[in-house]
Amino acid sequence: MINKNELLERFLRYVRVWTTSDSLKADSGQCPSTPNQFDLARILEKELKQLGFQGVTVNDKCFVYGFLPSNEGYENKPSVMFLSHLDTSEDVSGKDVEPIVWKEFVDDKIILPSGHFIEGAELKSAIENHETIITSNGETLLGADDKAGIASIMTAADYLQLHPEIKHGKIEVVFSPDEETGHSMDNVPLEMISSKSAYTVDGGHIGEIEIECFNAYKSLITFFGNAVHTGLGRGKLVNAVTMAGSFLSNLPRHEAPETTDGYEGFFAPMGVEGSMEKAEITVLLRDFTESGMELKKRQIEALANVTALNFGGKVEVKHVFQYANMKPEMDKNPRVVIDLINACKEAGVAPRIVPIRGGTDGSRLTQNGIPTPNIFTGGHNYHSRTEWCSLEQMEKAAEVIVNIVKAK
Ligand SMILES: [Zn+2]
């Protein structure tokens with residue numbers, strides 16, 4: 001059904017384009033954070049036009065937008081949008097990616113030219129299913145996150161163009177910059193979007209769909225001490241560095257990113273800097289429930305206050321909202337999820353709802369009134385040199401997209 005060779009060619013074409021984003025620049029308000037994200041945006045602009053999309057634009061923030069108009073008589077069908085992101089993570093280089101296509105395996109693992117090993121249950125099952133695996137040469141990441149999503153959306157659009165008998169309402173496509181820096185949705189051109197529901201194609205293993213993510217806050221804890229010459233400090237010196245150290249060592253060890261998974265939340269200290277007079281700590285708070293998040297905020301405040309009291313210093317705590325779990329909004333629009341589950345089943349894929357232990361562009365769109373679940377892409381081991389992608393799983397993602405369109 002889906003043209004697998006075209007899908008593979010597209011994917012290989014996209015991963016070769018260097019689109020690493022830069023969180024420092026993104027934090028300072030630059031969008032896109034790296035100009036080379038435009039290179040992929042321009043390629044996609046051209047290809048969308050070739051696929052018959054209308055209103056195709058790349059705006060000055062590097063958002064690619066285009067739509068397939070509804071068929072005659074289908075104007076009243078609800079419009080639906082699909083999104084993927086252009087950038088790749090800065091954790092590992094994304095420059096000069098040399099993709100390798102693996103069709104034969106000696107074992108249930110892959111050894112990359114760089115010497116890195118890829119193994120694990122998901123790879124094993126993909127090899128047993130005779131799937132085609134794509135990796136980098138190990139010197140870079142692959143960029144399946146999220147070029148597998150882009151390739152799936154483009155291939156689904158290609159399929160719709162070749163099959164005019166599939167009637168549909170308006171279909172919108174957005175490719176966004178700077179998802180990895182967390183700033184993509186700061187600039188999303190909501191005024192262009194008419195869909196009331198959307199799907200990000202930015203997930204992992206086949207069948208995994210995501211309708212739930214963390215509630216996220218960033219806590220900024222600032223300890224204030226009293227600096228005195230160390231030789232004359234007795235009874236007078238209050239050391240903010242010592243307070244910061246004490247605070248950090250008293251955070252619950254069983255509620256850290258390295259000791260939790262599934263639906264468990266955590267405290268993640270991300271940075272500390274300071275002097276005797278003043279020390280600042282950044283801690284990420286993550287929890288799937290609102291009540292759990294409130295509790296975590298109170299725990300931070302209590303620990304900060306007790307620490308300051310113990311050492312005779314002062315402390316200030318500020319909680320900064322980052323993003324919210326999209327589940328409550330999703331529950332108000334169950335159709336969006338039901339369509340996705342049915343689309344998976346129709347493609348012969350067993351859907352499995354998994355919580356996202358992070359944020360997603362979908363959570364920000366959901367907050368903006370556009371419920372946006374996340375669809376698998378067949379990509380694995382994201383943000384690493386051992387990133388890999390299954391062609392057949394990507395193919396199923398494209399099929400799921402087509403089935404969603406049919407259901408609308
Ligand atoms: Zn991604």
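Index from 1, following the sequence. All ligand and atom numbering here is 1-based and tracks the order in the structure.
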Centroid separation Phe247 to Phe311 less than 6.0 Å: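 Ring centres of Phe311 and Phe247 not closer than 6.0 Å.
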Parallel, tilted or perpendicular, as decided by the 30° and 60° cut-offs, for the rings of Phe288 and Phe214: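 If you compare the ring of Phe214 with that of Phe288, the planes turn out tilted.
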Donor-acceptor contact below 3.5 Å, side chain Asp22 vs main chain Lys25: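 At least one qualifying donor-acceptor pair exists.
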Donor-acceptor pair, side chain of Asp87 and main chain of Thr19, under 3.5 angstrom: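 Answer holds: no.
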Polar protein atoms (N, O or S) that approach the Zn ion (ligand 1) to under 2.8 Å: His85 NE2, Asp145 OD1, Asp202 OD1, Asp202 OD2
Exercise: do Arg357 and Thr260 side chains pair donor with acceptor under 3.5 Å: yes
Side-chain polar contacts of residues 41-48 - donor-acceptor pairs under 3.5 angstrom, sequence neighbours left out - could you list them?
residue : atom : partner : partner atom : Å
Arg42   : NH1  : Glu45   : OE1          : 3.4
Glu47   : OE1  : Arg13   : NH2          : 3.4
Glu47   : OE1  : Tyr14   : OH           : 2.5
Glu47   : OE2  : Arg13   : NE           : 3.0
Glu47   : OE2  : Arg13   : NH2          : 3.0

